[in-house]
Amino acid sequence: MAAAPVAAKEFKIAVGDGAGGTQEALGKAFIAALEEESNGAHTATLFLNGQLGSEQDTVNDAAIGLLDFSILAINNVTPFSPSVGTLTLPYIILSLEDAVKLTQGPVGQELVENTIRDSGVRIIGWAYSGFRVLTNSKKPVTEVADLQDLVIRVPKNEIMIATYQAWGVNPTPMAWSETFAGLQTKVVDGQDNPYITVYAMKFDEVQKYITNLRYLFSIEPLIVSESVFQSLSEEDQNAILAAGQKATDFSEQYLREQEARIKEELVSRGMEISDPANDEQEFIDLATTAVWPKFYDSIGGIEKLNAALAEIGRDPV
Ligand code: MLT
């Protein structure tokens, strides 16, 4: 008997950032791979620039099956699945290699399972976007003291809020979809995000100074609604998982190829880049000693942090 024809699907993918960033690159690579893996049966469309809602809203929408896929920053998943906070502790990820190991090894696998359980979405791919550098419109920042009179926007993420508090400032939590307007109208002076994201969001139009902070390496998962995923045939599920892995591999390569070029492009558009004083030591000391212990419980215990540190060859705490 001939197999029943597969109903072609055109999935919707929400994307928090604008064109030209790692989120869009991951999304395009995923769509091409999905078409290939499903022999042309399925495709998807990207809705850039938060058209389908703020990044945190898209997690809710996917959880209840109103949205198929979303690409967003990991820090906007943490409020729904606190153990994912392991990946957003300040100065835990020190390189792209660490980010790849932590997302694609056993620690990452456990976080994928926890996220399905806690928030009804399944992470099926990862974009690697680079360290979140600090931008502001007022002055070069190289020391913690320089931050004190700046109003900095952060995502609604407890770990990032606590990190700025450890540096002595009370940051302003604001949805990603409102951030450009917040910077433009000077409700906030600055924010942090990777070079590629600063470029994709055209922040050079409203920000002047960049500080090369390395406190948080931005990882951006591609999530699928677990209820949508479970409604699909095993063959379609496998096509989605394989496409997610191909897009992840592409994203790693994309960051290696694009970050340096984009950094230069931002300088040519008039942005000024400074390095933190003394190899960032003051930022590092304040953030790790004050912030890590506060989140042992929410990430599932100190042993989860130690498992992550072991995976990237670092000493336990
Ligand atoms: C945020 O700052 O809310 C996100 O990291 C932005 C992004 O997804 O690029």
Side-chain angles (χ1 to χ4, degrees), residues 13-28 30 46-62 67 69-81 84-85 87-90 93 99 103 121 123 125-136 151-164 171-184 187-204 206-207 210-211 213-223 247 251 254-255 258-259 262 266:
I13 307 180
V15 181
D17 295 351
T22 40
Q23 292 189 355
E24 184 197 39
L26 179 82
K28 283 182 168 170
F30 174 73
L46 300 179
F47 292 85
L48 297 173
N49 270 316
Q51 284 173 70
L52 300 186
S54 77
E55 291 196 353
Q56 293 193 7
D57 286 346
T58 66
V59 180
N60 275 327
D61 288 349
L67 173 68
F69 292 88
S70 177
I71 303 175
L72 72 171
I74 192 73
N75 45 270
N76 288 326
V77 178
T78 320
F80 305 93
S81 188
V84 167
L87 303 179
T88 56
L89 287 174
I93 295 178
T103 48
V121 300
I123 298 170
W126 304 92
Y128 305 100
S129 300
F131 289 103
R132 293 177 72 107
V133 296
L134 175 72
T135 68
N136 85 89
V151 182
I152 304 292
R153 172 270 168 182
V154 286
K156 296 174 187 170
N157 174 298
E158 296 302 326
I159 298 178
M160 296 169 76
I161 294 169
T163 303
Y164 276 91
T172 304
M174 184 183 278
W176 182 230
S177 48
E178 292 159 19
T179 302
F180 185 92
L183 294 168
Q184 191 173 40
V187 171
V188 288
D189 302 317
Q191 63 84 47
D192 65 61
N193 259 292
Y195 283 108
I196 298 183
T197 310
V198 171
Y199 172 79
M201 299 306 291
K202 300 189 169 52
F203 282 175
D204 53 285
V206 289
Q207 298 280 268
I210 298 184
T211 309
L213 285 188
R214 302 170 77 80
Y215 85 106
L216 202 53
F217 187 99
S218 182
I219 297 173
E220 316 215 64
L222 165 61
I223 59 172
S251 166
Y254 181 85
L255 181 66
Q258 300 297 322
E259 193 177 37
I262 283 174
L266 289 171

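Order of appearance sets the numbers: ligands from 1, and atoms from 1 within every ligand.
- Near ligand 1, Asp17, Gln23, Glu55, Ala73, Asn75, Asn76, Arg132, Arg153, Pro155, Trp176, Asn193, Thr197, Glu220 each place a heavy atom less than 4.0 angstrom from the ligand.
- Looking at heavy atoms from C-beta onward, Trp176 lies out of side-chain contact with Leu72 at the 4.5 angstrom threshold.
- Atom CZ of Arg153 has more than 12 neighbouring heavy atoms from other residues, nucleotides or ligands inside a 6.0 Å radius.
- Residues Gln191 and Thr135 have side chains that bring a donor and an acceptor to within less than 3.5 angstrom of each other.
- Within the 4.5 Å cutoff, no side-chain heavy atoms of Phe131 are placed close to those of Leu213.
- Counting heavy atoms from C-beta outward, Trp126 and Ile74 have side chains that approach closer than 4.5 Å.
- In this pair, Tyr215 and Tyr164 present their aromatic rings perpendicular. The plane angle is above 60°, beyond the 30 to 60° band.
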